[in-house]
> 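Sending over a structure as structure tokens; questions will come in a sec.
All values below were derived from every heavy atom in this structure, side-chain atoms included, with hydrogens, water molecules and symmetry-related copies excluded. Every chain is numbered from 1, with letters handed out A, B, ... down the list of sequences.
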Protein chains: 2
Amino acid sequence: MTTRWLTPEEQRAWRAYIAASLLLEDAIDRQLQQDAGMPHLYYSILSVLSESPDRRLRMTDLAERLKITRSRLTYAVTRLEKDGMVRREACRYDKRGSIAALTDEGFAVLERAAPGHVETVRSFLFDRLSEEQVGQLEEISAAIAEGLQEEGTRPASDDVPWRRRASSACS
Amino acid sequence: MTTRWLTPEEQRAWRAYIAASLLLEDAIDRQLQQDAGMPHLYYSILSVLSESPDRRLRMTDLAERLKITRSRLTYAVTRLEKDGMVRREACRYDKRGSIAALTDEGFAVLERAAPGHVETVRSFLFDRLSEEQVGQLEEISAAIAEGLQEEGTRPASDDVPWRRRASSACS
DNA sequence: AGGGCTTGGTTCAAGTTTGAAACAAACCTA
DNA sequence: TAGGTTTGTTTCAAACTTGAACCAAGCCCT
């Protein structure tokens, strides 16, 4: 089977996307590191917890929401716990379970950092997009995410598309 | 000054975007790690080099194109050099300069990996978007990148927007 | 020519991420 | 209920990233 290379339009879109996502994550990471002393992911952990019932969530659920591996989350929570932002609690129903709970201090830090963070997201992202584009971004993102979510759910297949063998290599 | 929080539409777009970019980078990293034994960034280095005149580029130019720090590039190129994908050469005009040159082996690896990579990008991204959306993605990405590129070029300012002080914290 | 500033690149330590392996508890199923 | 599998989480080593510090070499100015 011959490879369907990317069209010029697709190439341009792909490169622009890669550049934008790298630059944006970098900018946000730097801002949060400066103002809150933690990278974006760590801030997101606090943020998700703050919106969860009782400000706590099981590790697996948290990882699921953040779209990261459990291993990565374990490390992050350990650090946040050391810093007093989060506390680990046992799970009553399931003794295997571990629950991450946002501390008052964590909540305070989050509240202090939020305005600056929102301002950053706004100035680097939303201030540059039309209302229409915001909608488009959501739809595009949702479409992409949808295709990748299932990963875990995907039925066994011996011919997964990304395992095909092998020129204009896109970046 | 009171914070301009994100509207519900913006929140949704932001979260969808974060999730999508995380999932997509993860999927691509995994595919390339599997099939080419290197993460996405490393593959991109080979790709950019392969398209450069004489298949070589100065470190700074390479970093600039990839939107990464020189430090990060140094590490990556060191690894790629160890693996024989890239060779470092001295720069004639500027004795400080260091040039990364794609080796034949590097080129071969790239050619071998390209079809699988393109297939991945296609199946996880472009197959899920309409032609229209591809155009939208490019425009949105370009708009975002434009605002962040200038960073280096930006004029001195004591009130950079993302340094403002501090509630519905977006992720 | 002799500073002094800027630029190109690397180095280093600390922090983070990855993926596989290890554990333990929960859940079957015979 | 014993044994085997699955699920939730952590651990560990290796790989990668970050940012500051460092070293040269080029540049500029007098």
Side-chain angles (χ1 to χ4, degrees), chain A residues 21-23 25-34 36-45 56-83 86 88-101 151-153, chain B residues 21-23 25-45 56-83 85-86 88-101 151-153:
Chain A
S21 63
L22 259 174
L23 289 167
E25 251 311 274
D26 264 27
I28 289 178
D29 262 332
R30 264 200 303 285
Q31 184 267 322
L32 281 171
Q33 194 70 58
Q34 283 277 337
M38 62 183 78
H40 187 195
L41 174 66
Y42 293 57
Y43 175 92
S44 296
I45 291 174
R56 67 199 65 216
L57 222 44
R58 279 188 69 157
M59 295 295 279
T60 294
D61 298 335
L62 196 43
E64 165 66 24
R65 298 230 197 158
L66 294 164
K67 313 301 179 200
I68 62 174
T69 61
R70 298 198 210 45
S71 160
R72 189 176 177 185
L73 180 62
T74 293
Y75 180 91
V77 166
T78 301
R79 196 262 232 200
L80 288 171
E81 192 172 28
K82 250 174 217 136
D83 294 351
V86 155
R88 259 188 252 249
E89 298 175 353
C91 178
R92 275 190 210 57
Y93 317 101
D94 185 340
K95 278 178 197 156
R96 292 170 301 181
S98 173
I99 291 179
E151 290 268 337
T153 326
Chain B
S21 62
L22 258 175
L23 290 168
E25 251 311 273
D26 263 27
I28 289 178
D29 262 333
R30 263 198 305 284
Q31 183 267 322
L32 282 171
Q33 194 70 60
Q34 283 279 338
D35 297 355
M38 62 183 79
H40 187 196
L41 174 66
Y42 293 57
Y43 175 93
S44 295
I45 291 174
R56 64 198 66 214
L57 223 44
R58 281 190 66 158
M59 295 294 280
T60 295
D61 298 335
L62 197 43
E64 165 66 24
R65 298 229 198 159
L66 293 164
K67 315 298 179 204
I68 60 173
T69 62
R70 296 198 212 51
S71 161
R72 189 176 176 184
L73 180 61
T74 293
Y75 179 90
V77 166
T78 301
R79 196 264 232 197
L80 288 172
E81 193 172 27
K82 248 174 219 137
D83 294 350
M85 309 282 107
V86 155
R88 260 189 250 248
E89 298 176 354
C91 178
R92 277 190 207 57
Y93 317 101
D94 186 339
K95 279 177 197 158
R96 293 169 302 181
S98 173
I99 290 179
E151 291 269 336
T153 325

> Atom CD of E89(B) and atom P of dG9(C): how far apart are they, to the nearest Å?
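Those two atoms, CD and P, are 13 Å apart.
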> For a quick check, with a 4.0 angstrom heavy-atom cut-off, what is the B/S/- contact string for nucleotides 8-18 of chain D, read 5' to 3'?
SBBB---SBBB
> Mind calculating the distance between CD1 (I45(A)) and P (dT17(C)) to the nearest angstrom?
9 Å
> Heavy atoms only: give me the nearest G97(B)-R58(B) pair and the separation to one decimal.
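Scanning both residues completely, I find the closest heavy atoms to be CA-NH2, 3.2 Å.
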> Which residues pass the side chain to side chain donor-acceptor pair (under 3.5 Å) test with R72(B), not counting sequence neighbours?
none
> Work out which heavy atom in V86(A) is nearest to a heavy atom in A100(A); give both atom names and the distance.
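Reported closest heavy-atom pair: CG1-CB, 4.1 Å.
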> Could you tell me whether a side-chain N or O of E81(B) sits under 3.5 Å from a main-chain N or O of R88(B), the two making a donor and an acceptor?
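At least one qualifying donor-acceptor pair exists.
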> I need the minimum non-hydrogen distance between D29(A) and H40(A), along with the two atoms involved.
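Reported closest heavy-atom pair: OD1-N, 2.7 Å.
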